[in-house]
Amino acid sequence: MQEEINKCIEILSKGGLILYPTDTVWGIGCDATNEEAVAKIYALKKRENTKTMICLVANDFMLEKHVSAVPEVAYDIIDLATKPTTIVYDNPKGVAKNLVAEDNTLAIRVASDKFCQYLISNFKKPIVSTSANIAGAPTPQTFKEISGAILKGVDYVVNLHQDQNSGTPSSIIKLGNDGVVKIIRE
């Protein structure tokens, strides 16, 4: 696993794209602080850059570094969630501008998968995580379902868990600093 992490860090550091197994589905990832790398994902997915993407962090400390004020209830949701849960936060900071939604929010998930946690911890920056499909196409449930265009469009494909079925996409909850909680995807 360390060899895969080292290769990913090398690619991410150069602004490249990786295809990697996450705690949910296979994801296309890049350095979440690199605007050009984020733009490459939008281009690869043929996705409008007004559609936001998820960002993965390794732990609560990294979360706090990239959100102006993490609502207390977020920690309860993260601790009590029975499946990977992404939370949309107000006022993100220290990430690529083209990753932040027009309403100044960002969807962030604290990774629960060991590979992702190690990768992000070693990289020391958040990583984008968006499903490995062209916009509008179904989310691949297995590595084998990932299209050739995506496989060719990334700079590195992680050589782990390719024979396992993916999980399901994460739940998404929006937490406003005004105390409003809204479920976007269960």
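These numbers were taken from a predicted model, which means no experiment stands behind them. Hydrogens, waters and symmetry mates play no part in the numbers below; they use all other heavy atoms, side chains included.
Sequence neighbours left out, the pairs with a member in residues 3-30 that pass salt bridge (Lys or Arg N to Asp or Glu O under 4.0 Å) are Lys7-Glu10, Glu10-Lys14, Asp23-Arg109. Within the structure, side-chain hydrogen bond (donor to acceptor under 3.5 Å, both in side chains) contacts touching residues 144-155 (residues at least two apart or in different chains) do not occur.
Shown here is Lys93, whose NZ atom has more than 12 heavy atoms of other residues, nucleotides or ligands within 6.0 Å. In this structure, Tyr118 places its OH atom where only 12 or fewer heavy-atom neighbours from other residues, nucleotides or ligands lie under 6.0 Å away.
Listed by chain and number, the residues in a side-chain hydrogen bond (donor to acceptor under 3.5 Å, both in side chains) with Glu64 are Tyr75 (sequence neighbours excluded). Scanning for side chain to side chain contact (heavy atoms under 4.5 Å, CB included) contacts around Glu35 gives Ala96, Lys97, Asn98, with sequence neighbours left out. Scanning for side-chain hydrogen bond (donor to acceptor under 3.5 Å, both in side chains) contacts around Asn122 gives an empty result, with sequence neighbours left out. Qualifying side chain to side chain contact (heavy atoms under 4.5 Å, CB included) partners for Gln2, counting only residues two or more places apart in sequence or in other chains: Ile5, Asn6. Every residue was checked against the side chain to side chain contact (heavy atoms under 4.5 Å, CB included) condition with Asp79, not counting sequence neighbours, and none meets it. Listed by chain and number, the residues in a salt bridge (Lys or Arg N to Asp or Glu O under 4.0 Å) with Lys125 are Asp31 (sequence neighbours excluded). Residues forming a side-chain hydrogen bond (donor to acceptor under 3.5 Å, both in side chains) with Ser131 (at least two apart in sequence, or on another chain): Lys45, Asn133. Judged as a side chain to side chain contact (heavy atoms under 4.5 Å, CB included), and not counting sequence neighbours, the contacts of Val157 are Leu19, Phe143, Leu151, Val154, Gln162. Listed by chain and number, the residues in a salt bridge (Lys or Arg N to Asp or Glu O under 4.0 Å) with Lys40 amount to none (sequence neighbours excluded).
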Per-pair distances, 0.1 Å, donor-acceptor, side chain in residues 51-62, under 3.5 Å, sequence neighbours excluded:
| from | atom 1 | to | atom 2 | distance (Å) |
| --- | --- | --- | --- | --- |
| Asn59 | OD1 | Phe61 | N | 3.3 |
| Asn59 | OD1 | Met62 | N | 2.8 |

Criterion side chain to side chain contact (heavy atoms under 4.5 Å, CB included) on Ile78 and Thr85, from CA distance to verdict: CA-CA 7 Å; Ile78 292 165; Thr85 301; over 6 Å; no

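Considering Asp103, Ile183, Ile87 as possible partners of Lys174, the one that fulfils the side-chain contact (heavy atoms from CB on, under 4.5 Å) test is Asp103. Here the rule is side-chain contact (heavy atoms from CB on, under 4.5 Å) with Pro169, and of Thr86, Thr24, Thr22, Val25 only Val25 fits it.
Using a 4.5 Å heavy-atom cutoff, the side chains of Tyr156 and Val158 are in contact. For the pair Tyr20/Cys116, a side-chain contact is recorded, criterion being any heavy-atom separation below 4.5 Å from C-beta on.
When all heavy atoms of Val38 and Cys30 are compared, the closest pair comes out as N-SG, 3.7 Å. A pairwise comparison of heavy atoms in Pro140 and Ala132 identifies CG-O, 3.2 Å as the closest pair.
Side-chain atoms of Thr82 never come within 3.5 Å of backbone atoms of Leu80 as a donor-acceptor pair (strictly under, hydrogens ignored). Between the side chain of Thr105 and the main chain of Ala101, no donor-acceptor pair closer than 3.5 Å is present.
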